[in-house]
Novice: 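One structure, as structure tokens, below. Some questions next.
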There are 2 protein chains.
Amino acid sequence: MAADRRTVIMEAAARLIARRGVRGLRIEELAAEAGVSNGLIYYHFKDRAGVLRATLEFINDRAERYTADRVAAEHRTDPRSVLEQTLLLEFQDTAEVRENSTAWGELRASAMFDALLRTELAEATHVWDGEVADLITAVLPAAPAWRALEAAQRLTALLEGLSGRWLSEGLTLDHARTLILAAIEAELSHLDSA
Amino acid sequence: MAADRRTVIMEAAARLIARRGVRGLRIEELAAEAGVSNGLIYYHFKDRAGVLRATLEFINDRAERYTADRVAAEHRTDPRSVLEQTLLLEFQDTAEVRENSTAWGELRASAMFDALLRTELAEATHVWDGEVADLITAVLPAAPAWRALEAAQRLTALLEGLSGRWLSEGLTLDHARTLILAAIEAELSHLDSA
DNA sequence: GTCTATAAAGCGATAGAC
DNA sequence: GTCTATCGCTTTATAGAC
């Protein structure tokens with residue numbers, strides 16, 4: 001687990017992206033943050049785009065890992081709790097979650113002006129929506145699949161909206177958590193009564 | 001109403017921000033788009049940050065104007081329709097709405113890395129949430145004010161999330177509209193039964 | 001107020017030594 | 001693999017003429 005230079009650089013990049021954004025990332029600053037030379041970054045990643053690609057992948061893997069861990073840890077509890085915990089996972093004040101959420105927001109913002117990112121982003125969103133839809137179906141097996149999917153889309157889109165507010169204007173984590181829990185309640189009861 | 005150069009520049013900036021993002025805005029490109037010289041921009045706006053500040057304010061005013069107009073035009077119909085129409089306003093494929101939504105998304109993204117923008121953004125968000133809360137109260141006068149406000153916060157945050165998806169990955173306008181209408185239905189019925 | 005020309009800075013990328 | 005030094009393009013910003 002002794003972090004090689006390549007990993008050190010990606011970790012530093014993740015921190016800097018959270019602090020300055022994807023488009024604010026400077027190679028020289030990254031070198032300083034990682035404690036390596038300017039040239040080494042080009043040696044390992046070829047160019048700036050390579051740094052970004054590797055780092056976003058790195059961040060994504062990390063996010064999948066903590067999500068999977070947490071959901072696995074919760075698997076004994078009831079489906080409703082699993083759904084709630086999964087969505088609440090994105091609202092924690094840890095460096096890792098902050099970095100992940102920021103990077104995700106940056107990815108979305110960048111995709112508005114970069115056609116290449118769009119496909120990849122749409123794919124990831126689609127997978128995420130499907131996972132949440134499955135969790136909803138576990139809570140309410142009687143609900144039609146398309147309804148569960150639409151509810152999932154609303155919840156994940158809401159989550160992104162709340163995440164943006166959390167990171168940009170200090171909507172408190174507590175309030176964000178309250179709002180997402182209430183939304184789950186509203187969606188489930190509406191789904192149940194349909 | 002003959003647009004002075006200053007306004008022409010801000011309009012051009014709005015178009016360019018929608019196309020390239022806040023952080024992709026180049027002074028030289030802006031000059032070309034506006035049909036003026038490089039130097040004139042500095043004469044009117046002092047520096048790049050000044051251009052951004054003025055343009056974001058300009059866009060915000062424009063958005064408030066069209067929202068106000070539309071809501072006023074709808075004032076004869078029932079409160080529920082006014083609420084729906086107000087939120088659906090943000091999902092139209094017109095240059096103005098696209099520019100506004102893109103700029104708003106950019107503003108949020110930028111605010112994550114720029115403390116100066118945060119206050120202004122929080123203020124605008126707060127006003128917008130309050131307006132939506134008022135519309136909800138008009139539909140369900142019996143609902144406690146704090147519940148109406150929280151429902152409004154969820155709806156506006158959802159709207160931002162959906163808007164981001166619309167602009168970044170081609171979530172269709174139709175689907176976005178369907179989802180926001182269903183969310184209104186879920187929130188109102190949940191609020192009504194509480 | 002508006003333009004042209006240019007200085008100054010920032011930043012990505014490469015070369016070459018060790 | 002890693003560092004130092006530097007090149008060259010891009011972009012912001014200013015000076016000065018009209």
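Scope of the values below: all heavy atoms of this structure, side chains included, with no hydrogens, waters or symmetry mates. First the proteins, then the strands, lettered A, B, ... as listed; each starts at 1.
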Novice: Hey, is A:R80 close enough to A:E185 for a salt bridge, meaning N to O under 4.0 Å?
Specialist: yes

Novice: Regarding B:R19 and B:E33, does a basic nitrogen lie under 4.0 Å from an acidic carboxylate oxygen?
Specialist: yes

Novice: Give a yes or no on whether the backbone of A:F91 and the side-chain of A:R177 come within a donor-acceptor separation of less than 3.5 Å.
Specialist: yes

Novice: Can you tell me if B:T55 uses its side chain to pair, donor with acceptor, with the backbone of B:L52 under 3.5 Å?
Specialist: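 Side chain of B:T55 to backbone of B:L52: no pair is present.
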
Novice: For B:S168, is there any backbone N or O sitting under 3.5 Å from a side-chain donor or acceptor partner on A:R108?
Specialist: no

Novice: So, OP1 or OP2 of C:dT2: does either fall under 4.0 Å of a side-chain N or O from B:Y43?
Specialist: no

Novice: Given atom CD of B:E29 and atom P of D:dT10, what is their separation to the nearest angstrom?
Specialist: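 Whole-Å distance recorded here is 13 Å.
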
Novice: Can you measure B:H44 atom NE2 to D:dT14 atom P for me and round it to whole angstrom units?
Specialist: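 The distance from NE2 of B:H44 to P of D:dT14 comes to 16 Å, rounded to the nearest Å.
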
Novice: Exactly one of B:E106, B:E99, B:E29 should register a salt bridge (charged side-chain N to carboxylate O under 4.0 Å, His left out) with B:R20. Which one does?
Specialist: B:E29

Novice: For a quick test of reading the model: is some side-chain N or O of B:R5 closer than 4.0 Å to OP1 or OP2 of C:dG1?
Specialist: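 For C:dG1, neither OP1 nor OP2 has a side-chain N or O of B:R5 closer than 4.0 Å.
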
Novice: May I have the distance from A:R23 (atom CZ) to D:dT11 (atom C1'), rounded to whole angstrom?
Specialist: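 Taking CZ of A:R23 and C1' of D:dT11, I get 17 Å after rounding.
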
Novice: Just how far, in rounded Å, is C1' of D:dT2 from CG of A:D4?
Specialist: 14 Å

Novice: Summarise protein proximity over nucleotides 4-18 of chain C in one line of letters, 5' to 3': B for base, S for sugar-phosphate only, - for none, counting protein heavy atoms closer than 4.0 Å.
Specialist: B------SSBB----

